[in-house]
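Just below is one structure, and these are the notes that go with it.
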Amino acid sequence: MFATAYKFIRFEKSKSTGILLGIIISIYLIGLELGIFFYLTTLIGGVINNAKPEYSQVFVVNKLTNNANILSPFDKRWVNQLRSIDGVDDTHGMVMSNVSVRFDNGESSPAIIIGSEYPELAAGPSESLLNSGTTQNLFLQGTVSTDFYDNKTFGYDVKQGTQFEIGGKSVTVGAMTKDAKGFSSPMLYTTDVTARYYSGFSDNMVNAVIVTVRDATKIDHVVEQINAVAPDLRAWRSEELNNATVINVMTANNMGMSFGTLVIFAIVSGFFIIGLTMYSATYDRIKDYGTLKAIGATNRYITRLVMAQSFIYAVIGFVVALLLIIGTKFGMAKAGLIIDLSPQFLAFLFFVTLIIAVASSMFSIQKLKKVEPSSVFR
């Protein structure tokens with residue numbers, strides 16, 4: 001079956017090339033758009049994603065907040081009060097504030113300084129995100145972390161040990177992270193004391209309480225209890241706050257609709273381009289299919305033959321598109337845009353490729369079902 005299908009593909013080289021190009025372009029665009037979209041969702045939820053996962057099972061924030069990038073301050077005493085709730089292993093106050101950084105070459109940039117309590121540094125940065133230095137370096141007064149990919153934003157080659165100013169006060173880079181980025185501004189991680197010093201944030205307030213609940217079965221119970229005893233606050237599972245943040249930002253900026261429209265356009269345009277080209281190739285070989293019917297081939301066999309061709313097109317097109325996406329991934333990584341080609345993502349892309357290729361073949365299949373064996377003698 002596949003040998004015969006390959007012969008039909010080989011006989012129509014020009015149209016086969018057109019079909020493959022249609023698949024390659026469609027899948028490349030779909031893969032690239034979705035890869036960028038998923039990366040942006042990671043940036044949008046950076047405050048949550050960069051926190052240390054061993055501590056940050058629950059986030060408690062102002063009740064009116066559903067965006068982790070905009071956290072209103074509330075009374076610091078809740079850090080200790082929430083610690084007494086059944087199921088809570090520990091609580092950690094988090095401070096987050098906008099600051100302005102300035103380098104000795106005159107370049108300046110807005111940034112977000114995030115601080116949490118020594119020695120856990122529950123708000124981050126996570127150990128897996130460290131590129132150089134250690135979190136112990138951040139315990140020293142006047143030290144913060146910066147991200148490797150934010151150097152272009154800063155306009156300065158920041159390294160471990162680099163000194164710059166925050167609000168006119170000298171600060172030293174104690175650790176460098178890699179891909180611990182935020183959506184709107186670079187993130188500087190440090191202790192809560194240092195964050196308050198550089199931002200002028202009140203000693204009596206926090207932006208969030210990170211609650212540690214090591215027993216996963218108790219997380220929902222803890223969330224319910226906190227929401228019951230703290231009417232002005234709201235407890236979220238970390239992943240739920242992350243999702244709410246992504247939805248909030250995507251809907252506010254219409255980013256989700258923009259990416260969705262581009263993906264749908266790539267799918268629809270690929271479907272019709274591939275389908276019409278395949279139909280044209282089928283029409284050119286109509287007598288060959290008629291001959292197959294004349295010697296006993298059934299409509300079911302013809303359908304399987306066309307679908308086999310579609311499968312071959314899908315496999316070849318997917319492999320070439322994947323190579324192009326991988327090449328683009330490495331190019332974008334140098335600029336700090338990380339596309340994650342996970343097995344699940346690649347499986348989804350291949351599934352979409354099969355759907356486009358097989359669905360496009362329906363034009364040809366419907367035409368061939370109407371072909372009479374006698375047409376070969378006309």
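Residues: numbered from 1 along the sequence shown. Because the structure is predicted, anything quoted here is derived from the model rather than measured.
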**Request:** List the steps and the verdict of salt bridge (charged side-chain N to carboxylate O under 4.0 Å, His left out) for K218 and D86.
**Result:** CA-CA 9 Å; K218 295 182 178 180; D86 179 50; 5.4 Å; no
**Request:** Determine whether F59 and V209 make a side-chain contact, defined as any pair of heavy atoms from C-beta on separated by less than 4.5 Å.
**Result:** no
**Complete:** Taking every heavy atom of I210 against every heavy atom of Y55, the minimum-distance pair comes out as CG2-O, 3.7 Å
**Shared hydrophobic cluster for L43 and L188 (ILVMFWY, side-chain gaps under 4.5 Å)** = yes
**P110 and V99, any side-chain heavy atoms less than 4.5 Å apart** = no
**Prompt:** Going through the checks in order, is the side-chain contact (heavy atoms from CB on, under 4.5 Å) test met by Y197 and Q141?
**Reply:** CA-CA 9 Å; Y197 173 72; Q141 177 66 27; 3.7 Å; yes
**Asked** Of L341, I30, L346, which meets side chain to side chain contact (heavy atoms under 4.5 Å, CB included) against I325?
**Response** L341
**Asked** With no hydrogens and no angle check, is any side-chain donor or acceptor of T143 less than 3.5 Å from a backbone partner on N137?
**Response** yes
**Request:** Report the C-alpha separation of E127 and K52 in whole Å, then their side-chain angles, then the decisive distance to 0.1 Å, and conclude whether the salt bridge (charged side-chain N to carboxylate O under 4.0 Å, His left out) test is met.
**Result:** CA-CA 7 Å; E127 300 292 339; K52 292 184 177 180; 3.7 Å; yes
**Request:** Determine yes or no for a side-chain-to-main-chain donor-acceptor pair under 3.5 angstrom, with Y198 supplying the side chain and S170 the backbone.
**Result:** yes
**Message:** Does this structure show an ion pair linking E107 with R102, if we count only N-O contacts that are shorter than 4.0 Å?
**Reply:** no
**Request:** Find out whether Y118 and V193 are in side-chain contact, i.e. whether some heavy atom of one side chain is under 4.5 Å from a heavy atom of the other.
**Result:** no
**Message:** Taking NZ in K152 as the centre, count heavy atoms belonging to other residues, nucleotides or ligands within less than 6.0 Å. Is the count above 12?
**Reply:** no
**Asked** Could D90 and R83 be called an ion pair, given the rule that one side-chain N must be under 4.0 Å from one carboxylate O?
**Response** yes
**Asked** Taking C-beta and beyond as the side chain, do F74 and D232 meet within less than 4.5 Å on heavy atoms?
**Response** no
**Asked** Can you name the closest pair of heavy atoms from F164 and V144 and give their distance?
**Response** CZ-CG2, 4.0 Å
**Prompt:** What heavy-atom pair brings V223 and V58 nearest, and what distance separates the two atoms?
**Reply:** CG2-CG2, 4.1 Å
**Message:** A side-chain contact here means heavy atoms from C-beta on lying under 4.5 Å apart; do Y156 and D104 qualify?
**Reply:** yes
**Message:** Once rounded to the nearest 0.5 Å, what's the spacing between atom CD1 of I114 and atom CE of M94?
**Reply:** 6.0 Å
**Message:** Restricting to non-hydrogen atoms, name the atom on F183 and the atom on I44 that form the minimum distance, rounded to 0.1 Å.
**Reply:** CD1-CG1, 3.5 Å
**Item:** Donor-acceptor contact below 3.5 Å, side chain T42 vs main chain F38
**Value:** yes
**Request:** Give the minimum heavy-atom separation between K159 and V173, together with the two atoms involved.
**Result:** O-CB, 3.5 Å
**Asked** Do you know the tightest heavy-atom contact between S185 and I112?
**Response** CB-CG1, 4.1 Å
**Asked** Would you say K329 has more than 12 foreign heavy atoms packed within less than 6.0 Å of its NZ?
**Response** yes
**Message:** If we ignore hydrogens and angles and just use 3.5 Å, is the side chain of E120 paired with the main-chain N or O of S116 as donor and acceptor?
**Reply:** no
Just list the side-chain donor-acceptor pairs under 3.5 Å for residues 241-249, sequence neighbours left out, or say none.
{"residue": "N243", "atom": "ND2", "partner": "E239", "partner atom": "O", "Å": "3.2"}
{"residue": "T245", "atom": "OG1", "partner": "A68", "partner atom": "N", "Å": "2.9"}
{"residue": "T245", "atom": "OG1", "partner": "L241", "partner atom": "O", "Å": "2.8"}
{"residue": "N248", "atom": "OD1", "partner": "N67", "partner atom": "ND2", "Å": "3.2"}
{"residue": "N248", "atom": "ND2", "partner": "N66", "partner atom": "OD1", "Å": "3.1"}

**Request:** Would you please indicate if the ring centroids of F154 and F103 are separated by under 6.0 Å?
**Result:** yes
**Side-chain donor or acceptor of T190 paired with backbone N/O of A195 under 3.5 Å** = no
**Message:** Evaluate S342 against D340 for side chain to side chain donor-acceptor pair (under 3.5 Å), listing each step before the verdict.
**Reply:** CA-CA 6 Å; S342 65; D340 182 21; 4.6 Å; no
**Fill in**
The single option from T194, T177, N50, D147 that satisfies side-chain hydrogen bond (donor to acceptor under 3.5 Å, both in side chains) with Y189 is N50
